[in-house]
Structure formats: structure tokens, C-alpha cells
Amino acid sequence: MKLKFLSKLLFFGLVFNATQVKALIFEQNISVLTGVEYDSNPAFAPSNEQSVWRYTALPTYTASLAEDRNRWFTTASLSLQRSSDSAISESRQDPNLIVGWEHEYERGTLNITADYNKTSSRLNEFISNGVVDKDGSATTKSISASWSRLLTDRLNLSAAGQYSQVNYAGSGLSNYKTKSISSSLTYELNEKVSPFIQVGVSQLNSEASNTQSKVSQSYLIGTKALLRPNLNMSASLGLNHRQGSGNGLVANLTTTYLAEKYNVQGSLSRNVTASGIGEFQKTDNLSLKYVYELSDKARVGSEFAWSRNSSTGGNNTMQIGGWYSKEMSAFWQFRTNLNLKQLKNDGQSANSSIIGISFIYNTLDF
């Protein structure tokens with residue numbers, strides 16, 4: 001009898017352990033990108049253009065651990081870049097680390113993420129704010145949290161908060177800190193239409209001389225719509241108030257079309273964001289992206305982006321690019337790209353052309 005009891009106890013223990021192992025899912029991946037690119041005018045000089053070659057190695061590690069309703073994840077990378085002329089474009093060692101946790105409730109989710117990122121201030125500011133900066137570094141540290149809950153079968157409430165700190169080195173820009181909170185309420189009118197309202201407040205503290213803490217407030221109303229089974233849209237319109245700058249309109253329109261062989265995405269927006277110039281910056285953006293599958297292993301794509309930044313004297317930036325990628329094996333991928341950039345300001349214009357090739361090695365999950 002005692003032997004029978006012990007055998008049953010051992011059996012249930014094995015079943016319990018097997019269940020626990022099944023519920024715990026661990027995934028990890030390592031990828032390494034190596035590439036070379038030619039930039040005809042990295043400093044965006046209107047005249048006396050100077051070109052440079054850049055050589056890049058980018059190892060990246062990603063991992064995630066999921067158990068029941070919890071998921072922990074991390075991504076760590078180190079961008080190593082060498083330049084043919086460090087006086088024009090610096091050689092760099094830029095780390096990036098993201099650590100986060102997600103929890104799924106019965107009727108909602110919670111997400112907490114911490115991020116450390118170092119990148120070229122010239123590249124970062126041109127993309128986000130249209131500012132042509134010196135070839136320095138921008139280091140961003142941030143922690144953010146988001147929460148959502150289904151109040152009823154149709155009504156969803158969400159909230160988010162973020163604290164970030166941006167420090168510049170070898171740059172002409174000023175360090176700053178931001179605190180922001182936002183909340184939205186979404187109602188599922190039917191299977192295709194979900195109107196929403198959204199409010200957000202951001203505070204900017206900059207080290208720029210004679211610059212005090214500034215506040216930006218935004219109030220928007222919009223809707224998400226499924227126009228067709230493969231076409232969806234999100235649109236919003238609202239009012240923004242910037243301390244010391246008055247009121248202005250903010251808006252966003254995004255559409256995505258997914259076909260069997262290709263997909264198209266377009267967006268048009270006016271946003272107000274913090275920047276290294278010591279104030280909130282109003283930016284108009286237009287972007288289009290197109291991706292086409294040539295085969296199961298090859299794809300081509302093109303991108304267009306235009307922006308106008310009113311807070312920097314009306315800078316107009318435009319980027320046009322195209323790329324081709326092919327999976328050569330289960331581990332190796334080849335990619336080539338061509339990008340054309342243009343900057344217009346105060347009647348002057350500058351152009352830059354970038355062409356590059358890269359090889360990407362991906363391990364299978366191990």
C-alpha cells in the first residue's frame with residue numbers, strides 16, 4: 001500500500017513538473033550585421049561636399065521568457081563603425097539595451113520597458129527634427145509604462161507614462177529631460193469602426209541658456225476603421241497648446257494596405273515633440289513605404305519621407321530610398337540599399353547620396 005502511494009505521488013510530481021516546463025517558453029537569437037556604405041555629403045554642406053566610406057559591424061542578442069501571463073524580454077546590441085575620414089564622420093561604438101516586462105490580465109495588459117541607446121546626433125536629429133548637427137553623440141535613457149483595461153465588451157481605457165533623458169556629447173545641441181503622460185478611451189462601435197479620444201501632457205526641462213521648464217498639452221479625437229479586409233486606417237485631429245507658443249492643430253492619418261505579394265503604408269501627421277534645440281518642435285511629416293515579395297526568399301522595397309520643422313526656421317527635409325534583400329540560406333541574408341537625402345533652409349539646399357551593401361547572419365533559436 002505504501003509503495004502504491006509513493007508511485008502515485010511520483011507520477012503526479014512528474015506531471016506537475018512537465019506542466020511547469022511546458023508553460024515556460026524561452027527563446028533567444030543572435031544576429032550579426034556587417035556592411036559598408038558610401039556617403040557623398042554626410043555634413044550636408046551646400047558646397048564643397050566631402051564624401052566618406054563607413055564600415056559597420058552590428059552584433060545583436062535578443063531573448064524572451066514567457067510563463068503563463070508574464071513575458072520578460074531584452075535586446076542588446078553594439079554598433080561598431082569605422083570611417084575612412086574621422087574628421088568628417090566619426091568612428092563610433094554605440095551600445096543599445098532594452099529590458100522589459102509584459103503582464104496580461106484577464107481584461108487588460110501592463111507593460112514596463114527601460115531603454116538605453118547611444119547613436120550619432122547628426123543622424124538622430126536629422127531623422128526626428130530635421131536638424132543638421134555636428135557629428136557628435138546622443139545618449140537616451142528612458143523608462144516607460146503602459147496599461148490598458150477593457151471596461152466593458154466595447155469600451156477600452158489605456159494610459160501610458162514615460163521619463164526620458166537625452167545627453168549630447170561633441171554636439172551643438174542642449175541636454176534635456178522629458179516627462180509625459182497620456183490616456184485614451186476607445187469605443188468599439190462595430191466590427192469595423194472604433195472611435196477614440198486621447199489626451200496627453202509633456203514637460204520639457206532643457207539645459208539651454210535662458211530656457212525654463214515648458215509644457216505641451218494635446219487633446220485629440222479620432223477613429224480606427226477597417227475599410228476593407230486588407231485595408232485599415234487610423235485618423236485623429238486635435239488641439240495642442242505649447243507654453244509660450246500658443247495653440248495649434250495636431251493630426252495624424254495612417255493607412256495600411258496588405259496584399260498577397262505586397263504591402264503599402266502611408267502616413268501624414270503634424271506632431272509636437274521635444275528636441276535638443278531647447279523647446280518643443282512642431283513637425284509636419286509625410287511618409288510612404290512599399291514592399292514587394294519577389295519570391296519566398298527575396299523582397300524589394302522603397303520609401304519616401306518628407307518633413308517640415310517650423311521651430312528650426314522652416315527646415316524642409318526629404319528622403320527617397322530603395323532596397324533589395326535576399327535570404328541566401330537559413331542563416332545568411334544579403335541586403336543592398338540606395339538613399340537620397342535633401343535639406344532646404346533659408347533658400348539654400350544640400351544633397352546627400354548613400355549607397356550600401358550588408359550581410360546579416362542570424363542564428364536559429366537556440
Side-chain angles (χ1 to χ4, degrees), residues 37 39 41-42 44 117 119-133 138 140 180 182 184 196 198 200 202 216 218 220 222-228 230-238 240 248-259 261-277 280-293 299-325 335-345 349-356 358:
E37 68 179 16
D39 192 335
N41 186 17
F44 282 96
N117 180 49
T119 187
S120 165
S121 59
R122 174 182 287 170
L123 176 64
N124 180 69
E125 295 302 316
F126 181 82
I127 292 175
S128 60
N129 297 311
V131 176
V132 178
D133 187 34
T140 303
S180 63
S182 64
S184 65
F196 63 87
Q198 180 177 325
S202 296
S216 171
S218 295
L220 297 102
T223 185
K224 300 175 184 178
L226 183 65
L227 303 179
R228 294 183 181 181
N230 53 357
L231 177 63
N232 60 69
M233 178 197 72
S234 176
S236 61
L237 179 67
N240 171 264
L249 289 177
V250 286
N252 184 72
L253 172 64
T254 302
T255 58
T256 303
Y257 182 82
L258 301 175
K261 286 285 187 180
Y262 67 92
N263 63 77
V264 181
Q265 182 179 36
S267 67
L268 178 64
S269 64
R270 170 172 287 182
N271 298 313
V272 175
T273 57
S275 70
I277 63 175
F280 286 103
Q281 185 165 223
K282 182 174 70 176
T283 307
D284 298 326
N285 296 289
L286 170 65
S287 68
L288 297 169
K289 296 181 180 180
Y290 174 81
V291 178
Y292 182 80
E293 293 186 6
R299 297 189 303 168
V300 293
S302 60
E303 300 177 359
F304 170 82
W306 172 88
S307 67
R308 183 178 186 277
N309 307 276
S310 60
S311 300
T312 55
N315 277 4
N316 286 275
T317 63
M318 183 175 65
Q319 300 182 66
I320 302 174
W323 55 266
Y324 166 81
S325 69
R335 180 183 175 94
T336 182
N337 63 280
L338 172 65
N339 294 282
L340 307 175
K341 299 181 180 181
Q342 183 182 70
L343 170 69
K344 289 184 177 181
N345 188 21
S349 65
N351 300 281
S352 173
S353 302
I354 300 175
I355 184 169
S358 58

> Yes or no on side-chain contact (heavy atoms from CB on, under 4.5 Å) for Y324 and N337, after CA distance, side-chain angles and deciding distance?
Replying inline: CA-CA 7 Å; Y324 166 81; N337 63 280; over 6 Å; no

>> Assess the residue pair S218 and N240 against the criterion (side chain to side chain donor-acceptor pair (under 3.5 Å)); give the C-alpha distance rounded to whole Å, side-chain angles, the decisive distance to 0.1 Å, and a yes or no.
In response: CA-CA 4 Å; S218 295; N240 171 264; 2.9 Å; yes

>> Let's go through Y262 and E293 carefully: what are the C-alpha distance in whole Å and the side-chain angles of both, what is the deciding distance for side-chain contact (heavy atoms from CB on, under 4.5 Å) to 0.1 Å, and is it a yes or a no?
In response: CA-CA 6 Å; Y262 67 92; E293 293 186 6; over 6 Å; no

>> Show, in sequence, the C-alpha distance, side-chain angles and deciding distance for D39 and S352, and conclude whether the side chain to side chain donor-acceptor pair (under 3.5 Å) test is met.
In response: CA-CA 7 Å; D39 192 335; S352 173; 2.7 Å; yes

> Checking side-chain contact (heavy atoms from CB on, under 4.5 Å) for the pair K289/F304: CA distance, chi angles, key distance, verdict?
Replying inline: CA-CA 7 Å; K289 296 181 180 180; F304 170 82; over 6 Å; no

>> Apply side-chain contact (heavy atoms from CB on, under 4.5 Å) to residues K341 and N351 and explain how you reach the verdict.
In response: CA-CA 6 Å; K341 299 181 180 181; N351 300 281; over 6 Å; no

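Heavy-atom minimum distance, N339 versus G321: OD1-CA, 3.5 Å. Closest heavy-atom contact between G356 and T336: O-OG1, 3.1 Å.
S202 is linked by a side-chain hydrogen bond (donor to acceptor under 3.5 Å, both in side chains) to nothing, counting only residues two or more places apart in sequence or in another chain. Shown here are the side-chain contact (heavy atoms from CB on, under 4.5 Å) partners of S325, two or more places apart in sequence or in another chain: R299, W323, Q333, R335. For S236, there are no side-chain hydrogen bond (donor to acceptor under 3.5 Å, both in side chains) partners, not counting sequence neighbours. Judged as a side-chain contact (heavy atoms from CB on, under 4.5 Å), and not counting sequence neighbours, the contacts of L231 are L227, R228, Y257. Scored by the salt bridge (charged side-chain N to carboxylate O under 4.0 Å, His left out) test, R270 finds D284 as partners (sequence neighbours excluded). Residues satisfying the side-chain hydrogen bond (donor to acceptor under 3.5 Å, both in side chains) test with Q265, not counting sequence neighbours, are none. With sequence neighbours left out, S267 forms a side-chain contact (heavy atoms from CB on, under 4.5 Å) with T254, S287. E303 pairs by the salt bridge (charged side-chain N to carboxylate O under 4.0 Å, His left out) definition with nothing, not counting sequence neighbours. Taking S269 as the reference, N271 meet the side-chain hydrogen bond (donor to acceptor under 3.5 Å, both in side chains) condition, with sequence neighbours excluded. N232 is linked by a side-chain contact (heavy atoms from CB on, under 4.5 Å) to L226, T256, counting only residues two or more places apart in sequence or in another chain.
No side-chain donor-acceptor contact under 3.5 Å links S307 and T283.
Counting only heavy atoms from C-beta outward, the side chains of K261 and Y292 approach each other to under 4.5 Å. Counting heavy atoms from C-beta outward, T317 and Q342 have side chains that stay 4.5 Å or more apart. The side-chain heavy atoms of F196 and L220, taken from C-beta on, include no pair separated by under 4.5 Å.
The distance from the OG atom of S275 to the CD atom of Q281 is 4.5 Å, given to the nearest 0.5 Å. The line from CG of L249 to CG of L237 is 6.0 Å long, rounded to the nearest 0.5 Å.
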